[in-house]
Amino acid sequence: MLISRDGIIRKVILGDATHLELPDIGRLRGGTGRFRGLRLIHTHLRGEPATQDDLNDLALLRLDLVATIQAEEDGNAGRIELAHILPGMDGDPKQSEPFRRIEARDIYTLHFDFEEEIRALESEFSRLTDRRAGETQKERALILSITPGATALSEIAELVRAAGVEIAEVLPFSGGRIHPRTVVGLGRLQRVALAAMRRGADIAIFDIDLKPAQARAFEDMTGLKAIDRTQLILDIFAQRARSRDGKLQVELAQLKYSLPRLTEEDAGLSRLVGGIGGRGPGETVLEIGRRRARSRIRHLENEIEKLSRQRSVRRRRRVRQGLPVLSIIGYTNAGKSTLLNALTQSKIDTADQMFVTLDTTSRRLRFPKQGDVIITDTVGFIRDLPPDLVAAFKATLEELSEADVLLHVVDASDPSMERKMDAVGRILTDLELESIPRLVVLNKADVVEKPFLENLCHRLDGIAVSALKREGLDRLMEAAGARLGSGPENLVSMAWETPK
Ligand SMILES: Nc1nc2c(ncn2[C@@H]2O[C@H](COP(=O)(O)OP(=O)(O)OP(=O)(O)O)[C@@H](O)[C@H]2O)c(=O)[nH]1
Ligand SMILES: [Mg+2]
């Protein structure tokens, strides 16, 4: 039986000797840190203690309590066991179980004041979560760390920070296989639900990408909103987009991402079906939602195409002026914008945060020998750049193909520097830009040990600079100038230079 706080029996469920199928009692979207207001009381036939299923129901459904009563052969009630969720447990989750169990020989010897206990528990939980949530106004998320390794963990933490979301708790789930339906198996789902309750979190952020059905199943089981890596990155981009171009591109990427994820419910709730007669013959609400989304996608693609044509006209004008182009590229947060600022005395936004720059900025830079050059700073790269994003930012990224030289800025102080360089290399190959001459700029030299840096410069054939301290810029200009000089259009001007 499912019994509500007022003592009314809400459901009577008939199971068999081993199994009980609970009815759908709605999604758990209610307030965080609070119990559901329902207790489950059921019989066991073989005197077994509360099972893992019982504890899963307790955690995932946030039940007030689960009670198992042994049904004796003569029909009398025998041994009784109660279990409820415990607050606290901030330490090692494996230390002991996050449940309290109370046993009695029979219901007559059970001393448990349900009303008082549940009131105390609720106030303890809301005290814990209120205190935590009260610290900031930000949304609070659990991070489900599925990809092994410290690098992946720090990356997802950085992305979450860039999205302006507070990390409530990191759940390390990297061992074990990925559950095909819900990504994490039942035992882990239980831990997720309990952690969400204790920490007052209502979002779960995955460091991997989820299939639409996986995200939905996870949400149904835990009542938490599931956000995968791509969605998180799209979210950051959406927050950052300033230019019309950027906003259109992000909206396009988001729509493409959501199209296969649209559900009947979403479509019904949106204004997509507002107008009377908007519904075509035989169409479901969902189909209409999809159709509208597709037509919006087409519209956005056209707009972006138009803008990109205008840009290419501007670019042609520039090329006609005969100015070579130097494009700064590299992993996000490597210091690209800081370098552009240092080289051109500009004031583009920089910050110790991922994806600060979204829009391309171009400046003129005068080289002693080569004269004026256009130098551009653009959106940063990240490993496994979401395909929807690449598609949407195609126009922005295509501009890179006009570059005569790519300045590949690397954060030399980053322990995962080489992995990030590889990721950048892969993206350049995907964008068919690998044939453009490249110069490796080992940035943040001010915070790297000298011998290590010298070794790096040698091995990667790079130039060490500190964009922040404006050190090494002359040598960088010289090396970049030399690469520019080696481009085919500049062969003529090179011939005029007297070799040293
Ligand atoms: N110590 C040190 N920090 C630097 C240097 N160059 C940049 N930074 C810092 O690195 C962080 C990122 O710099 P940005 O210039 O915003 O990096 P970005 O590559 O443009 O990053 P996104 O636009 O977010 O992709 C900032 O906090 C900078 O102050 C440097 O030479 N030394
Ligand atoms: Mg930048």
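Along the sequence shown, the residues carry numbers beginning at 1. Ligands are counted one by one from 1 in listed order, and the atoms in each one are counted from 1 as well.
Around CZ of Arg470, the count of heavy atoms belonging to other residues, nucleotides or ligands within 6.0 Å exceeds 12. Within a 6.0 Å radius of CD in Glu432, no more than 12 heavy atoms belonging to other residues, nucleotides or ligands are found. The environment of CZ in Arg366 is sparse: at most 12 heavy-atom neighbours from other residues, nucleotides or ligands sit within 6.0 Å. Around atom CG of Asp474, no more than 12 heavy atoms belonging to other residues, nucleotides or ligands sit under 6.0 Å away.
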What does the contact table look like for ligand 1 (nitrogen or oxygen on each side, cut-off under 3.5 Å)?
| from | atom 1 | to | atom 2 | distance (Å) |
| --- | --- | --- | --- | --- |
| ligand 1 | 1 (N) | Asp446 | OD2 | 3.0 |
| ligand 1 | 6 (N) | Asn443 | ND2 | 3.1 |
| ligand 1 | 10 (O) | Lys444 | NZ | 3.0 |
| ligand 1 | 13 (O) | Thr338 | OG1 | 3.4 |
| ligand 1 | 15 (O) | Ser337 | N | 3.4 |
| ligand 1 | 15 (O) | Thr338 | N | 2.8 |
| ligand 1 | 15 (O) | Thr338 | OG1 | 2.5 |
| ligand 1 | 16 (O) | Ala351 | N | 3.2 |
| ligand 1 | 16 (O) | Ala351 | O | 3.4 |
| ligand 1 | 17 (O) | Gly335 | N | 3.1 |
| ligand 1 | 19 (O) | Ala334 | N | 3.2 |
| ligand 1 | 19 (O) | Gly335 | N | 2.9 |
| ligand 1 | 19 (O) | Lys336 | N | 2.8 |
| ligand 1 | 19 (O) | Lys336 | NZ | 2.6 |
| ligand 1 | 20 (O) | Ser337 | N | 2.9 |
| ligand 1 | 20 (O) | Ser337 | OG | 2.8 |
| ligand 1 | 21 (O) | Asn333 | N | 3.0 |
| ligand 1 | 23 (O) | Thr357 | N | 2.9 |
| ligand 1 | 23 (O) | Thr357 | OG1 | 2.7 |
| ligand 1 | 24 (O) | Thr332 | OG1 | 3.4 |
| ligand 1 | 24 (O) | Gln353 | O | 3.2 |
| ligand 1 | 24 (O) | Phe355 | N | 3.1 |
| ligand 1 | 24 (O) | Val356 | N | 2.7 |
| ligand 1 | 25 (O) | Thr332 | OG1 | 2.8 |
| ligand 1 | 25 (O) | Asn333 | N | 3.3 |
| ligand 1 | 25 (O) | Lys336 | NZ | 3.1 |
| ligand 1 | 27 (O) | Asp352 | N | 3.1 |
| ligand 1 | 31 (O) | Asn443 | OD1 | 3.1 |
| ligand 1 | 31 (O) | Lys444 | N | 3.4 |
| ligand 1 | 31 (O) | Asp446 | OD1 | 3.4 |
| ligand 1 | 31 (O) | Ser466 | OG | 3.1 |
| ligand 1 | 31 (O) | Ala467 | N | 3.0 |
| ligand 1 | 31 (O) | Leu468 | N | 3.1 |
| ligand 1 | 32 (N) | Asp446 | OD1 | 2.7 |
| ligand 1 | 32 (N) | Asp446 | OD2 | 3.4 |

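Distance check, rounded to the nearest 0.5 Å: CZ of Phe206 to CG of Leu142 gives 9.5 Å.
A salt bridge links Lys306 with Glu303: the distance from a Lys NZ or Arg NE/NH1/NH2 to an Asp or Glu carboxylate oxygen falls below 4.0 Å.
Listed by chain and number, the residues in a salt bridge (Lys or Arg N to Asp or Glu O under 4.0 Å) with Asp446 are Lys469 (sequence neighbours excluded).
Each of Leu189, Thr182, Asp202 was compared with Thr222 under the side chain to side chain contact (heavy atoms under 4.5 Å, CB included) criterion, and only Leu189 meets it.
Residues in residues 154-164 take part in these side chain to side chain donor-acceptor pair (under 3.5 Å) pairs, two or more places apart or across chains: Glu155-Arg229, Glu155-Arg383, Glu158-Arg161.
Protein nitrogen, oxygen and sulfur atoms, that is N, O or S, within less than 2.8 Å of the Mg ion (ligand 2) amount to 2.
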